[in-house]
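Below is one structure; the comments refer to it alone.
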2 protein chains.
Amino acid sequence: MTSVLVCDDSPLAREALRRAVATVPGVERVTTAANGEEVLRRWGADRSDLVLMDVRMPGLGGVETVRRLLSADPGARIIMLTVAEDLDGVALAVAAGARGYLHKDASRAELRATVTQALADPTWRLAPRRLRSAEMGAAPTLTAREIQVLEGMSHGRSNAEIGRELFLSEDTVKTHARRLFKKLGASDRAHAVALGFRWGLVR
Amino acid sequence: MTSVLVCDDSPLAREALRRAVATVPGVERVTTAANGEEVLRRWGADRSDLVLMDVRMPGLGGVETVRRLLSADPGARIIMLTVAEDLDGVALAVAAGARGYLHKDASRAELRATVTQALADPTWRLAPRRLRSAEMGAAPTLTAREIQVLEGMSHGRSNAEIGRELFLSEDTVKTHARRLFKKLGASDRAHAVALGFRWGLVR
DNA sequence: ACGACGGTCACCCAAAAGAGTTACGGGCTA
DNA sequence: TAGCCCGTAACTCTTTTGGGTGACCGTCGT
């Protein structure tokens with residue numbers, strides 16, 4: 001009897017989570033709790049295989065609940081739920097023994113994948129997936145020259161300056177620039193530099 | 001001989017951190033490394049009492065470096081440095097054994113307090129303080145508007161487009177642009193975007 | 001051997017950017 | 001209250017950019 005406990009103080013979020021978790025293959029029962037106290041109170045009589053818990057809750061916070069739950073039952077598997085960059089909460093919860101965390105704005109698929117994983121592997125720890133939206137995976141390939149030009153741009157040099165530096169004519173630099181814009185899908189040099197940073201092509 | 005090792009791939013941040021840490025009472029030596037490999041390579045011959053390490057680094061990431069460093073020397077004390085909502089990194093690093101973390105935009109006082117605490121108490125763990133004030137070292141302070149304009153630039157928008165987006169005239173956007181260039185020491189928008197990334201002002 | 005690609009360069013042209021300057025109102029602070 | 005910074009805006013003037021296009025020469029792989 002595989003059961004999951006969802007704990008969140010917001011009824012909307014709780015319900016949404018309950019429904020999402022219920023669609024995970026293998027999950028036969030999903031119970032909910034509105035706060036940490038409720039989780040602890042019921043844990044003795046009714047344990048679940050996995051707990052999804054909001055980091056930020058009124059009363060006992062998520063972190064304190066993790067601590068108490070684990071001291072009562074060291075085998076409890078807990079995944080924290082978090083909105084935004086709740087660094088403190090997540091870090092503390094993980095330090096306290098939570099297995100991982102999920103962004104609340106993670107996709108349903110994301111949530112299900114993580115829950116599936118956590119249920120399948122009792123030793124599972126921290127496989128926090130953050131959706132990299134669309135295009136991640138197709139890293140644009142710039143030539144060495146193009147990278148040099150992009151780097152020049154990132155150092156605030158004009159095309160003419162880059163040309164002097166690389167012993168090229170300004171026109172050639174412009175050609176490289178145009179080509180790398182195309183490859184990166186950049187609309188101008190500032191955009192190209194930003195994309196370069198985001199892709200890890202320059203620093 | 002109390003020594004601290006600062007590891008960050010960004011020369012700007014590294015230098016700023018080095019200077020800030022050097023002002024902590026009791027710290028006699030501050031060494032720096034540009035990447036995880038360097039830290040590990042030097043650790044055998046030259047250990048420090050505390051390591052400040054960027055979460056996000058090329059090559060061995062901060063997290064992997066933490067793992068390896070701790071498996072080599074379980075007593076190593078490490079504090080992660082992070083920009084923005086680097087949830088994955090921080091959570092992983094803490095799970096791997098880092099003692100805590102610091103936002104890169106924490107104030108200098110913040111940084112010093114945490115380093116002092118970590119050095120004073122070998123058992124210290126996770127006292128992540130988040131302060132707003134900013135200006136670590138020479139970190140330029142941009143106004144909200146200026147950041148918005150910089151972000152617009154990083155998305156490849158023209159001044160006119162940014163203006164439309166923010167309900168400003170193009171001329172006003174240009175004014176903000178000129179001012180933020182001055183603050184960042186940028187020679188053009190591409191340079192400004194690069195510096196924004198290097199300082200962690202945009203992503 | 002042909003084609004694709006990369007590196008080099010040139011020319012034209014419209015649009016954008018950047019520098020300099022001025023200005024006004026609001027808010028905070030010394 | 002005077003000063004300073006911020007946000008807003010406009011104006012001028014010069015420089016730079018970016019797009020389009022065409023071209024020549026290697027190298028590589030098919």
Side-chain angles (χ1 to χ4, degrees), chain A residues 138-202, chain B residues 105 107-109 131-199 201-202:
Chain A
T141 309
L142 301 192
T143 67
R145 266 296 193 238
E146 286 162 353
I147 297 252
Q148 288 180 309
V149 170
L150 184 57
E151 267 166 356
M153 289 178 181
S154 83
H155 290 305
R157 309 206 217 292
S158 68
N159 291 332
E161 284 170 335
I162 295 171
R164 256 169 263 136
E165 206 168 333
L166 300 179
F167 304 103
L168 298 176
S169 79
E170 184 184 342
D171 280 318
T172 301
V173 175
K174 288 178 80 174
T175 299
H176 288 307
R178 254 177 278 120
R179 289 180 182 166
L180 75 89
F181 288 172
K182 198 119 207 154
K183 286 186 182 175
L184 291 174
S187 51
D188 58 37
R189 49 180 53 217
H191 196 194
V193 166
L195 293 169
F197 271 90
R198 297 191 183 116
W199 283 114
L201 300 170
V202 292
Chain B
D105 65 353
S107 70
R108 212 187 177 78
L131 275 200
R132 212 50 267 180
S133 49
E135 42 83 40
M136 178 179 70
T141 308
L142 300 192
T143 66
R145 265 299 190 236
E146 286 161 353
I147 298 256
Q148 287 180 311
V149 170
L150 184 57
E151 267 167 356
M153 289 177 182
S154 83
H155 290 304
R157 309 206 218 294
S158 68
N159 291 332
E161 284 170 335
I162 295 171
R164 255 170 263 135
E165 207 168 331
L166 301 179
F167 304 104
L168 298 176
S169 79
E170 184 184 342
D171 281 318
T172 301
V173 175
K174 287 177 86 171
T175 299
H176 288 306
R178 252 176 284 120
R179 288 180 183 168
L180 77 87
F181 288 171
K182 198 120 210 155
K183 286 185 182 176
L184 291 173
S187 52
D188 58 36
R189 53 179 49 218
H191 196 194
V193 165
L195 292 169
F197 270 90
R198 296 192 182 116
W199 281 116
L201 300 171
V202 293

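Note on naming: letters A, B, ... go to the chains in the order of the sequence lines (proteins, then strands), and numbering restarts at 1 for each one. Both backbone and side-chain heavy atoms feed into the values below; hydrogens, waters and symmetry mates do not.
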Problem - Distance-only donor-acceptor test (3.5 Å): side chain Thr175(A), base dC9(C) - result: yes
Problem - Heavy-atom pair with the smallest gap, counting every atom of Leu180(A) and Glu146(A) - result: CD2-O, 3.4 Å
Handout entry: Under-4.0 Å side-chain N/O to phosphate OP1/OP2 contact, Lys174(A) with dC12(C)
Key = no
Problem - 5' precedence on DNA chain D between Asp188(B) and Ser169(B) (nearest-nucleotide basis) - result: Ser169(B)
Problem - Spacing of Asp171(A) atom CG relative to dC9(C) atom P, expressed in whole Å - result: 9 Å
Problem - For the student: nearest non-hydrogen atoms of Arg157(B) and Asp188(A), plus distance - result: O-OD2, 4.2 Å
Problem - Donor-acceptor pair present, Arg189(B) side chain and dT16(D) base, under 3.5 Å - result: no
Problem - Nearest-0.5 Å distance that lies between atom CG in Leu150(B) and atom CZ in Arg145(B) - result: 14.0 Å
Exercise for the section: Scan Thr143(A) against the nucleic acid and name what it touches under 4.0 Å (heavy atoms): base, sugar-phosphate only, or nothing. Expected result: sugar-phosphate
Practice task
Starting at atom CD of Glu161(B), determine the distance to atom C1' of dA16(C), rounded to an integer number of angstrom.
Solution key: 11 Å
Exercise for the section: Could you please name the option among dC6(D), dG6(C), dA17(C) that lies closest to any side-chain atom of Lys183(B)? Expected result: dC6(D)
Problem - Rounded distance (Å) that lies between atom C1' of dG7(D) and atom CD of Glu146(B) - result: 10 Å
Handout entry: Sidechain-backbone polar pair: Ser187(B) side chain, Gly156(A) backbone, donor-acceptor under 3.5 Å
Key = yes
Handout entry: Rounded distance in Å - CZ (Arg179(A)) to C1' (dC5(C))
Key = 8 Å
Exercise for the section: Side chain of Ser158(A) only, please: which of dC11(D), dC11(C), dT16(D) is the nearest? Expected result: dT16(D)
Exercise for the section: Could you pick out which residue, Arg157(A) or Lys182(A), lies toward the 5' side of DNA chain D when each is mapped onto its nearest nucleotide? Expected result: Arg157(A)
Exercise for the section: Please determine if a side-chain N or O atom of Thr172(A) lies less than 4.0 Å away from the OP1 or OP2 oxygen of dC9(C). Expected result: yes
Handout entry: Nearest-nucleotide pick for Phe181(B), side chain only, options being dA19(C), dT8(D), dG19(D)
Key = dA19(C)
Practice task
May I ask you to say what Arg145(A) touches in the nucleic acid, namely base, sugar-phosphate or nothing, with a heavy-atom cut-off under 4.0 Å?
Solution key: sugar-phosphate
Exercise for the section: Nearest whole angstrom, please: distance from the C1' of dC11(C) to the CD of Glu170(A). Expected result: 13 Å
Exercise for the section: To the nearest Å, give me how far apart CG (Leu180(B)) and C1' (dA19(C)) are. Expected result: 14 Å
Fill in the blank from the handout: Output for pair (Phe181(A) CZ, Arg189(A) CZ), nearest 0.5 Å, gives 5.5 Å
Problem - Residue Arg178(A), side-chain atoms from C-beta onward, closest of dT8(D), dC11(D), dA10(C) - result: dA10(C)
Problem - Below 4.0 Å: OP1/OP2 of dG6(C) and any side-chain N or O of His176(A) - result: no
Completion exercise
Leu166(A) CG to dG6(C) P, in whole Å, measures 18 Å
Practice task
Establish, with yes or no, whether the OP1 or OP2 oxygen of dA17(C) is under 4.0 angstrom from a side-chain nitrogen or oxygen of Asn159(B).
Solution key: yes
Exercise for the section: Establish, from distance only, whether the side-chain atoms of Thr172(A) and Ser169(A) form a donor-acceptor pair under 3.5 Å. Expected result: yes
Exercise for the section: Take atom NE2 of His191(B) and atom C1' of dG18(C), then tell me their distance rounded to the nearest Å. Expected result: 15 Å
Exercise for the section: Check every atom of dC9(C), dG18(C), dT8(D) against the side chain of Leu168(B) and return the nucleotide holding the closest atom. Expected result: dT8(D)
